[in-house]
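Worksheet for the structure shown next.
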Amino acid sequence: MSDAIRFEDQVVIVTGAGGGLGRAHALLFARQGAKVVVNDLGGSTHGEGANASAADKVVEEIRAFGGTAVANHDSVTDGDKIVQTALDHFGRIDVLVNNAGILRDKSFHKMEDADWDLVYRVHVEGAYKTTHAAWPHLREQNFGRVIFTSSTSGIYGNFGQSNYGMAKLGLYGLTRTLAIEGRKNNILVNAIAPTGATRMTEGLIPPQVFEQLKPELVSPLVVYLGSAACQDTGGLFEVGGGWVGKVRWERSLGAGFDPKAGFSPEDVAAQWQRICDFEGAAHPADNVEALKEMMAHLQKYTL
Ligand code: NAD
């Protein structure tokens, strides 16, 4: 049995916590003793409108079981205001869960600039603004946990989700760099790619499976990643239905060509099978490891 994971005296912001996955995360953090800022603009899945009652209801739910929470109704694109709510009410911020999101699904040939821009703004700019406002406080106290919400649609691609996939994998790029920059200040940064039954996925998943994908089955991972018990950083985790797995990059051993003599497109074609063969593949964990193979190849020709 592991030690209990508790958040007494710690402040957690969950964006988009007025429903779906964010609500489940906020409730679990509060049950584990955290003071929670429940942020939600309260708009539609398509990012239209606003309604303060979404966040207010979740705050009421938390207070009803004796937990501590405050609502914030700003858009994540005004992330500094969300962080200010945490500071005004609780005087600090320890954990940030970037969860707010919308969909504007359209096949690429029908994609309009407005669909592309709004999805970018909510997911990427919103997560940037909120994290950027929280960052100096996390650095100063030498502790922080940040969780970004990616998606299998970003990792693997999905028809009709070019805007969403771009944003969601962008968040993983952000995760990787913030993990590097945050480490020396004990700010650990991870990303999840969840699957859960919410208004966002209703009608997309067969009803018998949908029933089993309760949002609460995603939150234990998020709460663990938000805790001091978690020492991992830069990770990407697929989670849903009570299952959790880690994702990593895999790269083939590749094929080498003479850099001095140069090589032709036909040479590439001749080596294509080898380039794409994952037998004995490498799993570079950082830029230095990633470049090792190429440097070793160059060295063969410079000795
Ligand atoms: P949801 O629609 O139930 O929740 C999203 C919440 O974000 C809503 O309450 C909405 O009001 C809020 N929100 C939207 N725009 C906002 C803004 N500008 N500022 C503040 N709040 C805003 O959907 P969900 O399924 O719970 O999604 C949560 C996150 O998980 C999203 O980032 C989504 O892309 C991601 N995700 C969900 C699934 C899934 O299977 N449900 C899969 C992959 C990724």
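For the numbers below, each heavy atom of this structure counts, side chains included, while hydrogens, waters and symmetry mates do not. Both counts, for ligands and for their atoms, begin at 1 and track the order of listing.
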Is there a salt bridge (charged side-chain N to carboxylate O under 4.0 Å, His left out) between Asp40 and Arg23 once you walk through the steps?
-> CA-CA 10 Å; Asp40 208 297; Arg23 170 181 166 273; over 6 Å; no
Is it true that Glu216 and Lys214 have a side-chain N and a carboxylate O under 4.0 angstrom from each other?
-> no
Any pair with a residue in residues 190-204 that passes side-chain hydrogen bond (donor to acceptor under 3.5 Å, both in side chains), sequence neighbours left out, goes on the list, sorted by first then second residue, please.
-> Thr45-Arg199
Full working for side-chain contact (heavy atoms from CB on, under 4.5 Å) between Asp258 and Tyr301 | CA-CA 7 Å; Asp258 184 341; Tyr301 292 87; 3.5 Å; yes
State which residues pass side chain to side chain donor-acceptor pair (under 3.5 Å) with Asn99; sequence neighbours excluded, sorted by chain then number.
-> none
Residue shell around ligand 1, heavy atom under 4.0 angstrom = Gly16, Gly19, Gly20, Leu21, Asn39, Asp40, Leu41, Gly42, Gly43, Asp74, Ser75, Val76, Asn99, Ala100, Gly101, Ile102, Val122, His123, Thr149, Ser150, Ser151, Tyr164, Lys168, Pro194, Thr195, Gly196, Thr198, Arg199, Met200, Thr201
Sorted by chain and residue number, the ring pair (Phe, Tyr, Trp, His ring centres under 6.0 Å) partners of Phe263 (sequence neighbours excluded) come out as Phe257
